[in-house]
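I have placed the structure first, in the form of structure tokens, so that the comments after it can refer back to it.
Each chain gets a letter, A, B and so on, in the order its sequence line appears, and its residues count up from 1.
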Amino acid sequence: MAKNDWQVIEPASHFSPNTLAETLDGGQAFRWKFNEEVGAWQGIFDRFACLLKLDTNSDLLFQSLSKNKAKSFSSCKAFLRSSIDWASHEDSLPWRSDTHMKQCLESFRGLRILKQPFGEALLAFMCSATKQIPQIKVMCQNLAQTLGSPLGKNLHAMPTWEQVAEASETQLRSLALGFRAKNIKKTADLIAADSTLLKQIEQASYEDAKSALVEFPGVGEKIADCALLFGTDHMQAFPVDTWIIKVLEKRYELEGWDNKQLAQFGRIHFGPLAGFAQQFLFSWERTQPKVRA
DNA sequence: AGGCAGGTGGCCA
DNA sequence: TGGCCACCTGCC
């Protein structure tokens with residue numbers, strides 16, 4: 001691969017190798033893997049495939065693997081939310097008064113929230129119920145390979161919801177979706193039946209979008225918050241999953257609070273960037289060595 | 001070998 | 001409201 005195929009997509013990026021990995025492959029997106037041969041992250045988002053790697057001077061380098069290289073480049077910038085000043089976002093989190101938050105920030109400087117296509121985020125997180133990251137990645141890969149549009153070189157986009165709707169529940173089950181298949185099929189039918197529905201939800205306020213999302217079968221508060229955090233600009237969305245429950249109980253002494261109360265605590269304590277804070281808590285907790293009883 | 005995993009929905013008191 | 005349980009599937 002010729003050197004000049006690489007373009008600087010973000011000069012002097014705020015990423016470390018670790019936080020780039022954690023951002024791309026730490027549980028918010030499921031279509032990235034490290035390509036050992038090339039020494040770069042290879043990923044697919046929207047209708048684009050590309051490579052990303054950090055240069056020694058911490059420039060972030062990009063190489064398109066799909067057609068329409070110019071559009072691929074600008075779309076990847078949007079996907080990375082490159083225009084956001086992430087360092088000042090970090091500074092605005094309540095680390096001054098919250099020692100655990102401070103520790104998480106110090107461990108994951110440069111971590112950020114990606115901007116995935118809304119429909120993709122919703123689909124991926126509908127797959128995520130009681131699954132671990134490697135298995136969610138398999139489901140997404142199966143969905144893309146079987147139902148998504150080809151991008152060349154055995155690369156496939158995630159299917160649109162209309163494409164999902166064309167599959168039967170049985171077919172979806174054969175893609176290792178398990179009991180999620182039924183709800184994903186029903187949700188796909190609802191979305192396919194109203195061509196503006198998903199766009200309307202995407203453009204609605206946080207509260208309105210969340211109420212609309214939880215109407216879909218198989219979408220509760222947690223999945224709705226994930227779709228909104230990773231697929232829209234609503235960074236106040238605060239997904240409460242098992243990891244976050246653990247942190248809030250242990251570090252914030254909130255034993256006995258239910259998930260709704262925990263979500264409310266998160267949005268109040270961490271503020272308008274609660275979802276960004278959540279990602280630090282999540283990454284820290286997820287990468288802690290397991291303690292054996 | 002059985003229990004559990006980035007949940008949700010249904011049923012029961 | 002609050003607690004309990006089934007639900008696919010793969011991995012420890």
B/S/- contact track for nucleotides 5-12 of chain C, protein heavy atom under 4.0 Å: --BBBSS-
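Per the geometry, CE belonging to A:Met139 stands 11 Å off C1' belonging to B:dG6, to the nearest Å. Atom-to-atom, CG of A:Leu213 to C1' of B:dT8 comes out at 14 Å; the value is rounded to the nearest Å. Following rounding to the nearest Å, A:Leu262 (CG) and B:dG7 (C1') show an atom-to-atom distance of 15 Å. Regarding A:Lys185, its NZ atom lies at a distance of 20 Å from the C1' atom of B:dT8, rounded to whole Å.
Helical stems in DNA chain B, defined as runs of 3 or more consecutive Watson-Crick or G-U wobble pairs with donor-acceptor distances under 3.5 Å: B:2-5 with C:9-12, B:7-13 with C:1-7.
The salt bridge (charged side-chain N to carboxylate O under 4.0 Å, His left out) search around A:Glu22 returns A:Arg286, not counting sequence neighbours.
Counting any heavy atom pair closer than 4.0 Å across all strands shown, A:Pro134 reaches no nucleic acid atom. Contact annotation for A:Ile136: no contact, since no heavy-atom pair falls under 4.0 Å across all strands. Across all strands, A:Phe216 comes closer than 4.0 Å only to sugar-phosphate atoms, never to a base (heavy-atom distances). A:Val219 comes within 4.0 angstrom of the backbone, heavy atoms only, and of no base.
Within residues 239-247 of chain A, the residues that have a heavy atom under 4.0 Å from DNA chain B are, in order of number, A:Asp241, A:Thr242, A:Trp243. Taking a 4.0 Å limit (strictly below) on heavy-atom distances, residues 248-260 of chain A reaches DNA chain C at A:Asp258.
Between C:dC8 and B:dC11, the two P atoms lie 16 Å apart (nearest whole Å). Here the separation of B:dG6 from C:dG2, taken at their P atoms, is 25 Å to the nearest Å.
Listed here is the closest heavy atom pair of A:Leu190 and A:Pro217: CD1-CD, 3.9 Å.
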side-chain contact (heavy atoms from CB on, under 4.5 Å) evaluation trace for A:Leu228 with A:Thr232: CA-CA 5 Å; A:Leu228 291 170; A:Thr232 73; 3.9 Å; yes
Trace of the side-chain contact (heavy atoms from CB on, under 4.5 Å) decision for A:Ser168 with A:Arg173: CA-CA 9 Å; A:Ser168 66; A:Arg173 279 185 180 261; over 6 Å; no
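Note on ring orientation: taking the six-membered ring where Trp is involved, the planes of A:Trp41 and A:Phe34 are perpendicular (angle over 60°, cut-offs 30° and 60°). Between A:Tyr252 and A:His269, the ring-plane angle classifies as perpendicular under the 30° and 60° cut-offs.
The six-membered or imidazole ring of A:Phe276 lies away from that of A:Phe270, with a centre-to-centre distance of 6.0 Å or more.
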With the criterion being N/O to N/O and under 3.5 Å, what pairs connect the protein with nucleotides 10-13 of chain B, and how long is each?
none

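A residue-by-residue look at A:Glu215 and A:Gln28 shows that A:Gln28 has its nearest nucleotide of DNA chain B further toward the 5' end.
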